[in-house]
Amino acid sequence: MTSNNDILFARAQKSTPGGVNSPVRAFRSVGGTPRFITRAEGPYFWDADDRRYIDYIGSWGPAIVGHAHPDVVKAVQDAAVRGLSFGAPTEGEIQMAELICQLVPSIEQVRLVSSGTEAAMSALRLARGATGRDKIIKFEGCYHGHADSLLVKAGSGLLTFGNPTSAGVPEDFAKHTLVLDYNNPQQLVDTFKEIGDQIACVIVEPVAGNMNLLPATPEFLQTMRRVCTQYGAVLIFDEVMSGFRVALGGAQSIYDIQPDLTVLGKVIGGGLPVAAFGGHPDLMQHLAPLGGVYQAGTLSGNPVTVAAGLATLKLIQAPGFYTSLTAQTTKLVTGFTEAARAANIAFSANSVGGMFGIYFAAEKPLSYTEMMKCDTAKFNTFFHAMLDADVYLAPSAFEAGFVSAQHSDDVINATIAAATAAFAKL
Ligand SMILES: *Cc1c(COP(=O)(O)O)cnc(C)c1O
């Protein structure tokens, strides 16, 4: 039986490499045919066969208020009639900047861009420009978009600089990136002792969501803050995923740590392309047109995308929004864990705010190495059993999951019922 998804996937592969515009959508790690989505509403989306799924990706985070929220849709419609793009400043951009500065403790000035990749790449350039240093530190398993300097994995020894993870990234770029272990504060201290005065910045996901969910230990982030200050390196929190997702003030409000720069994306566009980076004016003043660090964008601060962002940021400030989002997410992971235990499956789960991780491992992984030991074959079977039961999880064992404010008790209970049946099949 050929479904419309199969037909569309075959057609897509002729005009687009792999049939998709972003690799994880292609289902390569889980196998099978990706679903082509026709519409979405609240916690659901529908595929090309008009089958309805409970969605736990939420566009990889942005759909925090649920899909097609009437307030967001209306804001976009109203903005669109006034004109799509001007290439000149608008008041909406000021409102957006003011709101971000008000909500994220460490940001006093912010620049808007169109993708998380662009925001992280620009933050890196700013850190290098402001410090006059070239070398950067990132951590294995953290994703910061696909800028050349960041598509790098660890070299063979502690102080050997990294190797490109993508063809097309010159060794000359990768050699400035040092890749260390996530949640290993001692290694960070040792590294700074050796070459701290050459490091422009440390970039980290404070709650990592791109190697499944892996929260940093407080000690790891506190140590990072301390050594960056001591050696004059810029501390960059990449909160593209965790920002407005784990808490209203992002991961930095949970850990009570002020980074020098914060990178935002995903939620702040409410489903349209908005991202940002910001921090203290002393650093931000280095950006053009004031300073010597160049950065620009034809569609940066676009009036329609900013309208979607503003409407979303307004909704998430409702009293109790994060208490309820966190409670629903906790219910979900508790339900998964209990269902797995009943079926005697080695499984664990974790959540922070509206973000969760499920692990086919008896204990929650605490490092990248432990994460990589999770049973991917079991995950893939589970993923397809859930998909067959109309629940759409991220199509990879190493991606986090996302709950929206529209995931009601009924939706969560239906998911747990599906998981109970899925575990029984494993
Ligand atoms: C998604 C993501 C990015 C990249 O954002 P894009 O908008 O996809 O370019 C960067 N950093 C983190 C932590 C992300 O989750």
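Numbering of ligands and ligand atoms starts at 1, following listing order.
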Do Val240 and ligand 1 have an N or O pair less than 3.5 Å apart? no

Just go through Met241, Lys266, Met121 and tell me whose heavy atom is the nearest to atom 2 (C) of ligand 1. Lys266

Which of the numbered atoms in ligand 1 are below 4.0 angstrom from a heavy atom of Glu205? 13 (C)

Using a strict 4.0 Å threshold on nitrogen-to-oxygen distance, state whether Arg128 and Asp134 make a salt bridge. no

Are Arg82 and Asp78 ion-paired here, with the side-chain N under 4.0 Å from a carboxylate O? no

Just need the protein heavy atom nearest to atom 4 (C) of ligand 1, so name the residue and atom and give the distance. Thr117 N, 3.7 Å

What do you reckon, does Asp238 have a nitrogen or oxygen under 3.5 Å from a nitrogen or oxygen of ligand 1? yes

Atom 6 (P) of ligand 1 [closest protein heavy-atom partner, distance rounded to 0.1 Å]: Gly116 N, 3.4 Å

Should the proximity of His144 to ligand 1, defined as any heavy atom under 4.0 Å, be assigned to the side chain, the backbone, both, or neither? backbone

Does the side chain of Asp55 come within less than 4.5 Å of Val391's, by heavy atoms? no

Does Arg225 pair with Asp260 as a salt bridge, N-O distance under 4.0 Å? yes

Taking the six-membered ring of Phe161, is the NZ or CZ of Lys135 close enough (under 6.0 Å from the centre) and on axis enough (within 45°)? yes

Do the side-chain N and O atoms of Lys331 and Gln328 include a donor-acceptor pair separated by under 3.5 angstrom? yes

Establish whether atom 8 (O) of ligand 1 and some protein heavy atom are separated by less than 4.0 angstrom. no

Does the N or O separation between Tyr143 and ligand 1 drop below 3.5 Å for any pair? yes

Could you give the distance from OG1 (Thr177) to NZ (Lys138), rounded to the nearest 0.5 Å? 8.5 Å

Which of the numbered atoms in ligand 1 are below 4.0 angstrom from a heavy atom of Asn210? 12 (C), 13 (C), 14 (C), 15 (O)

Which of the numbered atoms in ligand 1 are below 4.0 angstrom from a heavy atom of Ser115? 7 (O), 9 (O)

From Met224 atom CE to Leu180 atom CG, the distance as rounded to the nearest 0.5 Å: 9.0 Å

Pair Ser348, Glu363: side-chain N/O donor-acceptor within cut-off below 3.5 Å: no

Is His146 in contact with ligand 1, taking contact as a heavy-atom separation below 4.0 Å? no

Specify side chain, backbone, both or neither for Val263, according to which of its non-hydrogen atoms lie closer than 4.0 Å to ligand 1. neither

